[in-house]
Amino acid sequence: MEIPKTYDPRSAEERWYSHWMTKGYFHSEPDDREPFTVVIPPPNVTGVLHMGHMLNNTIQDVLVRKARMEGKNACWVPGTDHASIATEAKVVQKLRQEGIKKSDLSRDEFLKHAFDWKEKYGGVILQQLKKLGASCDWERTAFTMDPDYSDSVINVFIDLYNKGKIYRGVRMINWDPEARTALSDEEVIYKEVNSKLFHVRYKIAGSDDQWLTIATTRPETILGDSAICVHPDDPRYKHLHGKFAIVPIANRTVPIITDEYVEMEFGTGCLKVTPAHDVNDYELGKKHDLETIDIFHDNGIVNENGLHYAGKDRFDVRKEIAKELDDKGYLVKVEDHINKVGFSERTDSVIEPRLSLQWFVSMKELAAPALENVMNGNIKFHPDKYKNTYRHWMENVKDWCVSRQLWWGHRIPAYYYGDGEFDFVVAKSAEEALIAAKKKSGNNGLTTADLRQDEDVFDTWFSAWLWPISVFKGLTEPGNAEIKYYYPTNDLVTAPEIMFFWVARMIIAGYEYMGELPFKNVYYTGIVRDKLGRKMSKSLGNSPDPIDLIEKYGADGVRMGILISSPAGNDLPFDSSQCEQGRNFTNKVWNAFRLVTGWEVRPIEQPKSSQKAIEWFEARFNQELANINELMDKFKISEALMAIYKLVWDDFCAWYLEMIKPGYEQPIDQATLDQTIVFFEQLLSLMQPFTPFVAEEIWHLLRERKDGDDIIIAPWPKVKTVDQAVLKQFTVAEEVIINIRNVRKKNNIANKVRIDLFVKKNAELDTAFDSVIVKMGNLSQMEYTTEKIGNANSFLVNSNEFFVPFGELVDVEAEKSKAEEELSYVKGFLNSVQKKLQNEKFVAGAPEQVLASERKKEADALQKIAVLEEKLAGLN
RNA sequence: GGGGGAUUAGCUCAGUUGGUUCAGAGCGCCUGCCUUACAAGCAGGAUGUCGGCGGUUCGAAUCCGUCAUUCCCCA
């Protein structure tokens with residue numbers, strides 16, 4: 001049977017994924033094994049796979065697959081998030097294309113469209129994850145709007161309300177005038193934009209011609225001014241303290257107040273205060289008890305407070321009012337100015353700070369255990385530098401505005417029965433609400449028809465924060481077998497961008513509702529960037545389609561490509577050449593398999609060199625295995641992968657297989673082949689979490705397997721004692737072999753030409769690997785001598801001289817300069833060592849161990865110098 | 001404006017508690033090879049003021065200060 005020269009991932013990937021599914025390897029049920037639980041960061045239900053998901057989910061899959069091999073009961077729960085704003089925006093857009101306006105639909109009609117959309121496009125992303133090889137327990141696929149999940153969300157809100165953690169309040173919020181919804185701070189993107197700074201003068205009340213000049217980027221908000229503020233220490237304005245100014249156009253008289261908040265250097269040092277339309281002004285307004293004048297409707301159109309501008313758009317008004325100010329002599333000057341403006345993450349329209357009645361969760365107390373348990377290490381962050389960022393945020397945590405003016409999501413279970421500020425109740429259903437409302441109002445005549453449920457839904461994160469609990473029904477069926485078994489989960493893999501949106505809040509919910517941490521480790525991935533360092537995004541169009549990449553390089557290749565250079569928390573500058581490297585690796589392994597499987601076994605004696613090779617690889621494998629385990633424990637996943645890559649490619653393929661490889665058309669002995677296959681299997685085991693498909697494929701081709709003998713559930717190798725002596729011996733042999741290759745190269749001696757090697761032993765030299773040297777160097781003989789060999793290329797390993805005689809072709813000058821170069825290096829080295837040893841302070845201060853090592857270095861160097869000098873003398 | 005990182009080879013990154021001439025890996029690059037597993041390969045090779053300056057120390061990529069550059073978060 002002819003085995004193809006290159007590995008073809010396609011058929012193997014489909015075949016093995018469906019095999020794993022059929023066997024139920026991904027499915028988990030509680031049993032007596034140790035659980036290993038990971039919950040997926042649920043992607044948006046209508047999303048498609050992008051490179052960020054690839055990175056994130058590959059890492060999770062590696063962790064889960066390794067845990068499975070370690071004999072743990074691995075459970076990776078997949079699912080999707082309803083993503084209220086993003087999904088609603090998509091549905092609105094789609095309806096608009098069909099000529100349907102959201103405002104023409106009832107809530108129920110709109111939700112029907114939304115669910116249709118979800119049915120059609122929802123879960124595409126989960127199908128794509130299967131192509132990547134994600135070993136999720138698909139039977140557990142969850143959705144944040146599943147009936148049971150929704151119950152948890154509503155229950156939690158009611159519970160928090162009953163605990164007094166929920167309040168309804170007027171707050172300055174980020175208003176998206178296009179989507180007509182409040183946004184959380186995190187949904188606002190600040191961008192630098194070129195704008196104008198308008199200098200406008202206000203007349204001092206009671207004066208004839210006394211003015212003060214303010215600078216503003218938003219002259220239209222003049223109509224909402226309720227004060228002028230200056231710095232109390234600003235000498236320019238001391239005479240105005242306690243006076244009043246007249247707002248241009250509006251002709252209102254407002255106080256001139258002082259506050260240290262004002263930056264004297266900025267603009268004119270005079271600040272107009274518009275509490276209704278600026279966060280900082282709002283704070284000032286509260287502090288100084290100022291009037292709040294709202295001049296906008298919720299869509300950004302000026303309202304009746306805007307006098308003759310009522311009914312006009314905010315940006316038009318800005319231009320028109322600037323003109324009116326100018327015409328009336330109020331506009332002093334206009335400067336170009338760069339300032340930061342908030343934009344809506346979803347609609348990209350300019351955010352309008354706005355006072356609005358919203359629902360809030362009071363966070364301070366809830367956050368306390370979440371802060372403590374990260375800082376004390378109960379929950380570990382990888383890399384742990386994120387603890388600082390986390391602490392800073394949690395110590396200054398702000399109350400959480402959880403209401404959104406949308407329909408797609410969990411509707412807020414608040415019912416109003418009157419027009420008063422507190423004429424509402426919070427309840428699970430209209431029926432329960434009615435009972436509560438009767439009680440609260442004292443009006444027993446109320447009927448359900450008198451109740452109006454709040455129109456708003458919850459912030460998406462108000463459901464996502466329950467994810468690790470609610471996927472196991474921990475809130476609706478408290479104490480059930482699954483939540484007891486799987487919670488707390490083990491590792492969470494996510495992006496640092498959502499540390500506050502999500503991670504922090506899951507931790508809060510964990511302590512509040514389970515009394516325990518939701519996960520033990522948080523691994524923060526970096527941001528996937530393109531070659532130019534730009535974040536990969538759909539809008540930039542710089543993100544490759546992951547599915548195309550998988551088609552091109554194979555899932556294993558892509559998995560490797562994405563992991564090979566992505567240390568935790570560092571950005572991943574992605575380049576498809578990395579996938580090429582991954583694909584090349586799978587092909588390398590494939591060819592190693594081709595080699596091993598092509599040998600014919602005969603009852604021949606095992607060569608000494610093969611014996612030594614096996615001894616060495618055994619030691620080498622275990623040495624690296626210990627290293628890999630350590631790296632994995634520290635979540636240094638890309639380093640672990642690199643170690644495996646080198647172990648397979650360099651140690652196994654380039655060294656081991658070459659050492660045991662029989663000559664052309666020569667047979668191999670049984671013992672060597674058997675051991676080689678065992679080594680191969682162990683390597684495949686290490687590869688399995690990273691490149692599961694090629695590992696499974698070769699696993700089954702290497703030998704006949706019984707049903708169920710699959711590498712996905714094979715045990716992770718155990719570390720055995722490492723024979724350090726063998727490793728040390730091999731290092732010497734390796735150096736000799738590399739030197740021989742150099743001699744061949746310099747003299748153009750073909751590899752197939754056999755050569756002689758003479759060794760003059762000047763120092764300790766282990767001969768254990770001589771048979772390997774003979775084989776790898778393709779030597780006709782290796783002979784020990786006490787004499788120098790003339791007319792030969794020579795090199796030095798640990799002060800021992802090696803000679804490769806080769807006719808008359810030896811370049812004496814080259815040999816000389818090589819020896820001189822080496823001599824001068826060793827002398828320099830000796831010098832530095834002796835300088836240290838002569839330094840009394842060093843001898844007094846350095847620990848004994850360091851001293852001993854310095855003395856040994858000195859002795860070695862002295863011996864080497866003697867050999868080199870003798871050699872040079874011989875050449876002259 | 002406030003807070004937190006980062007700066008080591010052309011690129012992406014390692015570098016434990018200061019101690020081998022310690023400056024490393026992968027990729028890329030250069031040279032030579034289609035050597036019967038693999039050219040998606042083999043063999044060999046080069047590359048650095050460890051961002052600058054100052055300090056502590058017998059000794060600093062590592063500790064301290066400062067400046068510069070840069071990224072992130074918050075306002």
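Residue numbers begin at 1 in each chain, while the letters A, B, ... track the order of the sequences. Computed from a predicted model, the values in this text were never measured in an experiment.
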Practice problem: Rounded to whole angstrom, note down the P distance from B:U7 over to B:G52. | Solution: 13 Å
Quiz item: Counting any heavy atom closer than 4.0 Å, what does A:Lys661 reach on the DNA or RNA strands: base, sugar-phosphate only, or nothing?
Solution: base
Self-check item: Nearest-angstrom distance from the residue atom CG of A:Leu563 to P of B:A25
Solution: 22 Å
Quiz prompt | Mate of B:A43 where both pairing distances stay under 3.5 Å, Watson-Crick or G-U | solution = B:U31
Quiz item: In whole angstroms, how far is the P atom of B:A40 from the CG atom of A:Asn587?
Solution: 9 Å
Quiz item: Is the centre of the A:Trp393 ring less than 6.0 Å from the centre of the A:Tyr390 ring?
Solution: no
Practice problem: Determine which nucleotide pairs with B:C63, using a 3.5 Å limit on both distances of a Watson-Crick or G-U wobble pair. | Solution: B:G55
Practice problem: Identify which nucleotide among B:A40, B:A37, B:A14 has an atom closest to any side-chain atom of A:Glu639, counting heavy atoms from C-beta outward. | Solution: B:A14
Practice problem: Indicate, with a heavy-atom threshold strictly under 4.0 Å, whether A:Tyr645 touches base, sugar-phosphate, or nothing. | Solution: sugar-phosphate
Practice problem: Can you figure out which of B:A14, B:C42, B:G45 approaches the side chain of A:Lys636 most closely? | Solution: B:A14
Practice problem: Whole angstrom is fine here: how far is it from OH in A:Tyr524 over to P in B:C72? | Solution: 18 Å
Quiz item: A:Lys398 NZ to B:C73 C1': how many Å, rounded?
Solution: 11 Å
Exercise. Just call it for A:Trp649: base, sugar-phosphate, or nothing, with non-hydrogen atoms closer than 4.0 Å on any strand.
Key: sugar-phosphate
Quiz prompt | Distance between C1' atoms of B:G4 and B:A40 (Å, rounded) | solution = 43 Å
Quiz item: Which part of the nucleic acid, if any, lies within reach of A:Asn751 when heavy atoms closer than 4.0 Å are counted: base, sugar-phosphate only, or nothing?
Solution: base
Quiz item: Rounding to a whole Å, what distance do you find between A:Ile737:CD1 and B:G44:P?
Solution: 10 Å
Quiz item: Say you pick atom P in B:C74 and the same atom in B:A14; how far apart are they, in whole Å?
Solution: 24 Å
Quiz item: When the distance from CG of A:Asn591 to P of B:C34 is rounded to whole Å, what number comes out?
Solution: 19 Å
Quiz item: B:A43 base to A:Glu658 side chain: any donor-acceptor pair below 3.5 Å?
Solution: no
Quiz item: From B:C38, B:G2, B:G44, pick the nucleotide closest to the side chain of A:His392?
Solution: B:G2
Exercise. Searching all strands shown, indicate the nucleotide that pairs with B:A68 (Watson-Crick or G-U wobble; both distances under 3.5 Å).
Key: B:U7
Quiz prompt | Heavy-atom neighbours of A:Lys364 NZ exceed 12 at 6.0 Å | solution = yes
Quiz item: Which base, if any, makes a Watson-Crick or G-U wobble pair with B:U12, both distances under 3.5 Å?
Solution: B:A25
Practice problem: Answer with yes or no after comparing the ring centroid distance for A:Phe652 and A:Phe679 against a 6.0 Å cut-off, counting only values under it. | Solution: no
Quiz prompt | Sugar-phosphate, base or nothing in reach of A:Lys5, heavy atoms under 4.0 Å | solution = sugar-phosphate
Self-check item: Check: A:Tyr656/A:Thr676 side-chain N/O donor and acceptor closer than 3.5 Å
Solution: yes
Practice problem: For A:Asn627 and A:Glu624, test the side chains for any donor-to-acceptor distance below 3.5 angstrom and give the result as yes or no. | Solution: yes
Quiz prompt | Sugar-phosphate, base or nothing in reach of A:Asn388, heavy atoms under 4.0 Å | solution = sugar-phosphate
Quiz item: Taking only side-chain nitrogens and oxygens of A:Asn584, does any of them come within less than 4.0 Å of OP1 or OP2 of B:G41?
Solution: yes
Practice problem: Find the distance A:Asp384:CG to B:A6:P and express it as a whole number of Å. | Solution: 10 Å
Practice problem: Measure centre to centre between the rings of A:Phe593 and A:Phe680, then say whether the value is under 6.0 Å. | Solution: no
Self-check item: Rounded interatomic separation in angstrom, taking CD from A:Glu665 and P from B:U35
Solution: 16 Å
Quiz item: Do A:Arg741 side-chain and B:A43 base share a donor-acceptor contact under 3.5 Å?
Solution: no
